Amino acid sequence: MSENSAYTVSLPVFEGPLDLLLHLIDEQELDIYDIPIAQITEQYLAYVRTLRELDLEMAGEFLVMAATLMEIKARMLLPSPSAEDGAGEEAEDADPREELVRRLVEYRRFKALAQRLHDLERQHMLTYPRVPQADGEQVSDWVPVEGVSLLQLVCAFRKVLESIEDEHVAEVIREKVTVTQRMRQIEYLLDRGEGCLTFVRLFRGDRTRLEVVITFLALLELIRLGRVRCEQKRAFGEIRIFRARGGDSHGEG
Amino acid sequence: MRVRQLRAVLEALLFSSGEPLSAERLAEITRVDVEQVRRVLMEYAEELADDARGILLVEVAGGYALRTKPSLAEYVGRLELPRVAPLSNAALETLAIIAYKQPVTRAEIEEIRGVRCDAALATLLARRLVREAGRKDAPGRPFLYVTTRQFLEYFGLRDLADLPPPEEFEAAAARDQVGTGEERE
Amino acid sequence: MRVRQLRAVLEALLFSSGEPLSAERLAEITRVDVEQVRRVLMEYAEELADDARGILLVEVAGGYALRTKPSLAEYVGRLELPRVAPLSNAALETLAIIAYKQPVTRAEIEEIRGVRCDAALATLLARRLVREAGRKDAPGRPFLYVTTRQFLEYFGLRDLADLPPPEEFEAAAARDQVGTGEERE
């Protein structure tokens, strides 16, 4: 950060462009349904410029809104073109600000609701629950998967299931594979080489739905015991399974 | 079971449970009918109102729970019990949108807030105030988010209907749309 | 501080603290002298002795703590507070079979696992992960077992549909059963 950031002290922080616009409107007691767009645009751009000069991080949305404001401003200056189109009388009167106003009103509503939640939170924090005793009453707060939600896992699991072809099922001689055995196999695979398995790879050897289910339950249990963890680099990306660091003796009770 | 014993049992149950207990659950455990459970709980709540008592009975998240009285917060605060940090504005705004529009996708939340909300959403998920509830039947099959039981507990709400009624806001919005901007702050 | 308020504050402190509090610590927090704290605690302990009360004041580890009365242990036990201990493998396998083949009898489970599962089933029932749901119309009228809401919570599932669709499993299981019957050695 540049030396200039010393000046940031006086700079109010806004949640986003809509928050900044609302602030400008409220501060000057403007009518939200009749925003003096030129004036607001000027002030908005000044704020964005300040952020830039101060070399502060600014969400890209601020720039998008700047462009939107300038576009609205330009359209306000143009004579209404719709007279030539003859495309209905209603449309002629469309105010270029309409969409922006709608968004501001909606955002303001949720900002007010957020404030109500904040009040409730503060009020409720004045009361304390009983902290459960250490002697066996501790409620476990198991967070199933680190980095990947269980739902994501289950969705991935469904895909694997769907890929199982029925003809295979018919010819398969069911081996008695247990969850325990499968847990050991998964751990073996992780320890043996790569140290990392893709979700799909995990099910490669499974030919019946029951086998797939057993593998999935084994995975869930390993996660629950803290022996493996899952990661997904980006949304809908591949889920990878890793050995959890030092999680081996984790789950016994 | 005699009323006095029922009262004792209910106190013990509420005391030891980490989470709110519904009247139905209490009835099931005590093998007494729900109406009697409710009656005794009401009496119990009245007793706790006495200013020589330090706890009170609250209705929260569809059940009953004991909490310390708000008026004693100053003293209890001196115990310096571990507490979660209050939510940030970003998290509160995101949560408000989820609470009132659930089920809702991240894109829909971002549309309203005008900014990305990955971080806020991650916080809310980690604190279990919201959860994923399936996917929307729309391009990209985005996750849908809803509030949890912990959300109600966190804000001391009985149920979702306990939130400030959204109709108020709808009505206010309708008034706004008519364009009488006079009483606006 | 007046005695009545002191009593309220002490109750709130003992209630909210996870660990025993010494008289000295309580005196420090309430800014009252230790002797008075002890006096009020003694009165409080006497009040709690009343059989309409479900908790009692105990002296442990150099401090005071509130506990549920031992005579009410039976009821408190029915709360079946979640334990941290994970399920045994036997219990887990049994659970998997019930989850995907419900409703299912014990004999059917044992048929698949090849071993008796009384203990595993008892664990699952005690932890409310499965429950009895009527009896099968078959010789001996054996109990049928199904999974519970707690099962979903334990695995963080929204509903049974979060597991692969049951029809698929039934079909697969039916096919498997045919296969097993023929090919078992």
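Note that this is a predicted model, so its numbers are computed, not measured.
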Return yes when atom CG of Asp50(B) has more than 12 non-hydrogen atoms of other residues, nucleotides or ligands closer than 6.0 Å, and no otherwise. yes
Between Glu121(A) and Leu87(B) the two heavy atoms that sit nearest each other are OE2-N, 2.8 Å
Heavy-atom closest contact (Tyr154(B) atom, His124(A) atom, distance): O-CD2, 3.1 Å
Looking only at non-hydrogen atoms, find the nearest pair between Arg103(A) and Glu111(B) and report the distance. NH2-O, 3.1 Å
Taken to the nearest 0.5 Å, the spacing of Ser88(B) OG from Glu15(A) CD works out to 6.5 Å
Return yes when atom CE of Met76(A) has more than 12 non-hydrogen atoms of other residues, nucleotides or ligands closer than 6.0 Å, and no otherwise. yes
CZ/Phe155(B) to NE2/His118(A) distance, rounded to the nearest 0.5 angstrom? 10.0 Å
Given that the side chain runs from C-beta out, which part of Leu81(B) has a heavy atom under 4.5 Å from chain A: side chain, backbone, both or neither? side chain
What's the shortest heavy-atom distance between Ala73(B) and Leu126(A), and which atoms? CB-O, 3.3 Å
Pick one of side chain, backbone, both or neither for Ala65(B), based on which atoms fall under 4.5 Å of a heavy atom in chain A. neither
Looking only at heavy atoms and a cut-off of under 4.5 Å, which of Thr68(B), Leu157(B), Ile55(B) has the most pairs with chain A? Thr68(B)
Side chain from CB out, backbone as N, CA, C, O: work out which of these in Ile112(B) comes under 4.5 Å of a heavy atom of chain A, or both, or neither. both
Atom pair CG (Leu113(A)) and CG (Leu92(B)), whose distance is rounded to the nearest 0.5 Å: 11.0 Å
Provide the closest heavy-atom pair for Ala96(B) versus Ala114(A) in the form atom of the first, atom of the second, distance. CB-N, 3.8 Å
Is NZ or CZ of Arg130(A) both nearer than 6.0 Å to the six-membered ring centre of Phe15(B) and within 45° of the ring axis? yes
By a 4.5 Å heavy-atom criterion (distance strictly below it), what part of Leu56(B) contacts chain A: side chain, backbone, both, or neither? neither
For the CG atom of Leu117(A) and the OG1 atom of Thr94(B), what is their distance to the nearest 0.5 Å? 11.0 Å
Checking side-chain contact (heavy atoms from CB on, under 4.5 Å) for the pair Thr127(A)/Val58(B): CA distance, chi angles, key distance, verdict? CA-CA 10 Å; Thr127(A) 78; Val58(B) 294; over 6 Å; no
Determine whether more than 12 heavy atoms belonging to other residues, nucleotides or ligands lie under 6.0 Å from atom CD of Glu80(B). no
Ranked by heavy-atom pairs below 4.5 Å to chain A, first place among Glu74(B), Lys101(B), Arg113(B), Arg116(B) goes to Arg113(B)
